[in-house]
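Being a predicted model, the structure only gives us computed values, none of them experimental. Both counts, for ligands and for their atoms, begin at 1 and track the order of listing.
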Amino acid sequence: MFSFSSIQDYHTYLTTEPEGCVIAVNHYLSKIKEKNRLNAFLEVYEDEALKRAKELDTNRKAGKKSGKLHGVVISLKDVICFKDHKVSASSHILENFTSIYNATAVEKLLAEDAIIIGRNNCDEFAMGSSSENSAFGVVRNAIDETRVPGGSSGGSAVSVQAGLSMISLGSDTGGSVRQPADFCGVVGLKPTYGRVSRYGLIAYASSFDQIGIFANSIEDAALVLEIISGADDFDSTASEQKVPAYSAQLTENKKTYRIAYFKQALEHSGLDKEMASSIQSYIQTLKNAGHSIEAVDFNLLNYIVPTYYILTTAEASSNLSRFDGVKYGYRASLNEGDELTELYKKSRSEGFGKEVQRRILLGTFVLSAGYYDAYFTKAQQVRNILSDQTKNIFAEYDAIISPTVPTTAFKIGEKTDDPIEMFLADIYTVYANLVGIPAISVPLFKHSNGLPFGLQVMTSHFDELSLLSISKQMMQLKP
Ligand code: GLN
């Protein structure tokens, strides 16, 4: 029986098992079938993954040099382009669209011998917090199938949670990697804006979007991060900063850190009481381990969700204008005499789901001449203030901790009628995207209702090494 604990252990196993990659892929293929009702995958590349596994086994036996992700079985959120494979953003509008190139992150995975096993279901165009907005059905949380896995990268989170792949890549614009990781009890990492190229990632809000990583352990996330990070000629926002060898530098470190938490975040009325007290006692655990932990004031907490939704919908309304029934994807059929505008209207009304339409409308509204200054400009100003405050915090602290989400995974259907309720699930995660810092959800806790939840850790721009090192220490102090 194949079982997976970490990439390192898997690689040790491969040294003694000549057919190891094929065994692993067969294992995941049968798990995916067995857990089909979770709806985590939109497509599985069965033959292709097996073929690649065979090639890798053969290469290994022939003594060829192995890549750092040799045989690692990875799934991709359905917003990341994989050449000659469908990519639909879980939307009818792109249902039959085939990618003609690889995302840079995918190119880098493949160059290190990874095996891509399939594409994961998600909220349409990555808009949502529950994976209920997919045009291809809801994703179910493997711990309790009546509950959501979070979103928008719900299929990716469930894939790692239920052992359907070793790693999954998702995208995080306002929490879409960290929030589902929290709901599913796995590691979810959003890198600094610009750490990983966005080339080949279907855009939602370009100044917020980052590709992120789902993994079972901090070590695995570190290894994948060092591979997919780096400058890219195809994305001018991808940073030129050197990529540290995260995985090698993550060795036992006993460093103690100066950690801050936002008083208003831990005292927020929307935060589940038991979660708040678990985090409080964990803060004591961290103090006992020698870290310094202090409360800092953060009086903008109630502004960050509105700011986020104004700016991201504005960017989305512009980004999604390319889906017009002419250039890409779904095209509605017209009646005799219909004009070109009718083609746009019908294709977009029939092709996009409700939530995406709501956001395009909202974004168009906040950008319209009469309201631009009142909403868009104001929100940009809040974003600047947040960046200034963040600089000040990191002048004194190494990291900020907070809950990842205010509640544990909710029931399917529980929040679908109330978009504002749903938006509030993002209260702790959107901050990192507004200011561009790296953030991770570390799966530390279990609620008395049986569901997991995580602790969010954030560090300053491009300090993923501290982020991962602190998270690793935290895992060792898991309650
Ligand atoms: N839940 C947030 C939203 O709906 C975050 C989405 C994301 O990070 N892609 O916008």
The protein residues that pass the under-4.0 Å heavy-atom test against ligand 1 are Ala126, Met127, Gly128, Ser129, Ser152, Asp172, Thr173, Gly174, Gly175, Ser176, Tyr204, Tyr308, Tyr309, Arg359, Asp426

Notebook entry, point to check: Parallel, tilted or perpendicular: which fits the ring planes of Tyr309 and Phe423, with parallel below 30° and perpendicular above 60°?
Noted result: parallel

### Message
Please determine whether the number of non-hydrogen atoms from other residues, nucleotides or ligands lying under 6.0 Å from atom NZ of Lys83 exceeds 12.
### Response
no

Measure up the Tyr372 and Phe376 rings against each other and bin them: parallel (under 30°), tilted (30 to 60°), perpendicular (over 60°).
tilted

When you check the side-chain N and O atoms of Thr104 and Asp232, is any donor under 3.5 Å from an acceptor?
yes

Could you check whether the rings of Tyr101 and Tyr199 sit parallel, tilted or perpendicular, using 30° and 60° as the cut-offs?
parallel

Which of Leu109, Leu201, Ile116 passes side chain to side chain contact (heavy atoms under 4.5 Å, CB included) with Leu169? It is Leu109

